[in-house]
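Worksheet: the structure to be examined is printed underneath.
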Amino acid sequence: MNKNYDIENIFFKILTGKIPCDKVFESDHSLAFRDINPRAKVHVLVIPKKPYLNLEDFTLYADSLEKVDIFDCISKVVKKEKIMNDGYRVLTNIGEDGHQEVQHLHFHILGGQPLGGFIKKLLIN
Ligand code: AMP
């Protein structure tokens, strides 16, 4: 486990059954559940079951089965939520600049309505 991984984070508590979640789908290596504070009609989070801090940590240390599984899980959620035809957005926030609030890798799947432009133009200087 990454030395910076904190087992007190909320998603680890969900994975260990200490707090509940609104589960959408579960596979061998991944779990999908509804975001508690949805930003769109469909807002599902997909997380690996093992403790990875972020996408970088996952890319370096997850095995191929876990990597295939998480994308397969995203695909299953998209089908289950019936957002394939109209489109959707998948994103992951990393670190401070990425405004990652929960320090366990998660992909946001957003859809069910038009999502607008990708991101507000930010001040560069
Ligand atoms: P991020 O800023 O990418 O780290 O996003 C963390 C997300 O986790 C936010 O969208 C929160 O609304 C969501 N969240 C926090 N606690 C819970 C929880 N207990 N169940 C489901 N989603 C949660």
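In listed order, ligands and their atoms are each counted from 1.
- Here E26 pairs with K49 in a salt bridge; the nearest charged N to carboxylate O distance falls below 4.0 Å.
- A search for salt bridge (charged side-chain N to carboxylate O under 4.0 Å, His left out) contacts involving K82 returns nothing, not counting sequence neighbours.
- Using a 4.0 Å cut-off between charged side-chain N and carboxylate O, E81 and K76 make no salt bridge.
- Applying the salt bridge (charged side-chain N to carboxylate O under 4.0 Å, His left out) rule to R89 yields no partners; only residues at least two apart in sequence or on another chain are considered.
- Under the 4.0 Å criterion applied to side-chain N and carboxylate O atoms, K67 and D63 are not assigned as salt-bridge partners.
- Pairs passing the ring-ring contact (aromatic ring centres under 6.0 Å, His included) check and including a residue from residues 36-69, sequence neighbours excluded, read H43-H108, Y52-F58.
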Atom pairs, nitrogen or oxygen, ligand 1 to protein, under 3.5 angstrom:
| residue | atom | partner | partner atom | Å |
| --- | --- | --- | --- | --- |
| ligand 1 | 2 (O) | H99 | O | 3.1 |
| ligand 1 | 2 (O) | E101 | N | 3.3 |
| ligand 1 | 3 (O) | N93 | ND2 | 2.8 |
| ligand 1 | 3 (O) | H106 | NE2 | 2.8 |
| ligand 1 | 3 (O) | H108 | NE2 | 2.8 |
| ligand 1 | 4 (O) | E101 | N | 2.6 |
| ligand 1 | 4 (O) | V102 | N | 3.0 |
| ligand 1 | 4 (O) | H106 | NE2 | 2.9 |
| ligand 1 | 5 (O) | H106 | NE2 | 3.2 |
| ligand 1 | 5 (O) | H108 | NE2 | 3.4 |
| ligand 1 | 10 (O) | D35 | OD1 | 3.3 |
| ligand 1 | 10 (O) | D35 | OD2 | 2.5 |
| ligand 1 | 10 (O) | R39 | NH1 | 2.8 |
| ligand 1 | 12 (O) | D35 | OD1 | 2.5 |
| ligand 1 | 22 (N) | I36 | N | 3.1 |

